[in-house]
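The structure under discussion is supplied below as structure tokens; questions concerning it will follow.
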There are 2 protein chains.
Amino acid sequence: MSQKTYTISELAKEFGVTTRTIRFYEEKGYIHPLREGSKRLFSAADRVRIQLILRGKRIGLSLQECVEVIDMYDPKHNNAEQLHSLKATVQERRALLERQQTDINDMLEGLAEVEALCEQALKNAAADEKAHG
Amino acid sequence: MSQKTYTISELAKEFGVTTRTIRFYEEKGYIHPLREGSKRLFSAADRVRIQLILRGKRIGLSLQECVEVIDMYDPKHNNAEQLHSLKATVQERRALLERQQTDINDMLEGLAEVEALCEQALKNAAADEKAHG
DNA sequence: GCTTACCTTTACGTTAACGTAAAGGTAAGC
DNA sequence: GCTTACCTTTACGTTAACGTAAAGGTAAGC
């Protein structure tokens, strides 16, 4: 049984990006799909990798940073000499992400307040309408 | 008693950005410091606004998006006609931020695992060292 | 066999968010 | 009065992450 593969437009549609975006990622060496003739053939692993890249992007990482984080999950980069520096990188990234969480929480709180104010004002406007309109 | 003001380099230093960044924000109309002769004088309100912009940036908003969110807090934009569209904008932004939180949580979990693996491998390496070195 | 819907490469264009260099004004301290 | 440390404006440069256009190959369906 051969593995399931995907075309470029299938993945583009699934992830809500253009085919240009996916080609760009290959151009930069972030993904390496196989070829069938000249056409790209994406494996399940390619698909997951693109998914991870886009997830990283959503939290504000650059593409470069995305693949750095993703490659941390790859066992072949875990040779003993690099473990110390890898750990440092992970912890640094972690601190940054935790700071982002704080920022997001602050903003969500603020937005909840504004939303409540809006609803109150809308109610008042509606009551006003009823009384005078 | 006159209000406390700040120079451009004071704020740049406090927030860890260059003076160019702050001038750029004014250039784009995101802040409007007063002038004393040709020199910029930043009020406490200016300072807070810059702080909010930088906080927005940290969670991946564009400058434009930052000021849009910030201006939601400004009562003078809350006239009745715009409340509905304002509320929609707020909720949209909120959904996006919550998605980002999910993404960040996923990534933190993954990084915690990798970190644990690293520490284990380092321990093993140290034990190995002791046994054979 | 010809449309239609895909796919390909090459290559120049675009926007955001500043960086950087040039050229100069000003106020404080020795 | 001259250095030092600030401040100013103008203007061209840079990087990331694609967009877009041109020019063409291919496979399926009528």
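Worth knowing before you read on, the calculation uses all heavy atoms, side chains too, and leaves out hydrogens, waters and symmetry mates. Each chain gets a letter, A, B and so on, in the order the sequences are listed, and its residues count up from 1.
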**Report entry** Strand DNA chain D in bracket notation, Watson-Crick/G-U under 3.5 Å with | for pairs to another chain
**Finding:** ||||||||||||||||||||||||||||||
Report summary line: Contacts of B:Arg23 and A:Glu27 projected onto DNA chain D by closest heavy atom; the upstream (5') one is B:Arg23
Query raised in the report: Can you find a side chain N or O atom of A:Ser9 that sits less than 4.0 Å from OP1 or OP2 on C:dA5?
Result: no
Query raised in the report: Reckon B:Lys57 has a side-chain N or O less than 4.0 Å from the OP1 or OP2 of C:dC18?
Result: yes
**Report entry** A:Arg40 side-chain N/O to C:dC7 phosphate OP1/OP2 under 4.0 Å
**Finding:** no
Requested in this report: Compare side-chain N and O positions of A:Arg20 against OP1 and OP2 of C:dT8 and report whether any pair is under 4.0 Å apart.
Outcome: no
Report task. Take A:Arg49 and A:Tyr25 through the test side-chain contact (heavy atoms from CB on, under 4.5 Å) and record every step on the way to the result. Result -> CA-CA 11 Å; A:Arg49 192 172 172 86; A:Tyr25 291 171; over 6 Å; no
**Report entry** D:dA17 phosphate, OP1 or OP2, under 4.0 Å from A:Tyr25 side-chain N/O
**Finding:** no
Query raised in the report: How long is the line joining CG of A:Leu41 and P of C:dC7, in whole Å?
Result: 11 Å
Query raised in the report: So is A:Lys13 actually on top of A:Phe15's ring, under 6.0 Å and inside 45° of the axis?
Result: no
Query raised in the report: Is the distance from OP1 or OP2 of C:dC7 to the nearest side-chain N or O of A:Thr19 less than 4.0 Å?
Result: no
**Report entry** Between D:dC7 (P) and B:Lys13 (NZ): distance, integer Å
**Finding:** 11 Å
Query raised in the report: Going by an N to O cut-off under 4.0 Å, is there a salt bridge joining A:Glu65 and A:Lys57?
Result: no
Query raised in the report: Where the side chain of A:Ser62 is concerned, which of D:dA17, D:dT9, C:dA17 is the nearest nucleotide?
Result: D:dA17
Query raised in the report: Any side-chain N or O of B:Thr18 less than 4.0 Å from the OP1 or OP2 oxygen of C:dA17?
Result: no
Report task. Considering just the side-chain nitrogens and oxygens of B:Thr7, establish if one lies under 4.0 Å of OP1 or OP2 belonging to D:dC6. Result -> no
Query raised in the report: Do the charged groups of A:Asp106 and B:Arg58 touch, with an N to O distance under 4.0 Å?
Result: no
Query - Pair A:Glu26 + A:Arg35, salt bridge at N-O below 4.0 Å - result: yes
Query raised in the report: For B:Arg47 and B:Glu10, what are the C-alpha separation, side-chain angles and deciding distance, and is it a salt bridge (charged side-chain N to carboxylate O under 4.0 Å, His left out)?
Result: CA-CA 10 Å; B:Arg47 183 177 159 281; B:Glu10 275 170 4; over 6 Å; no
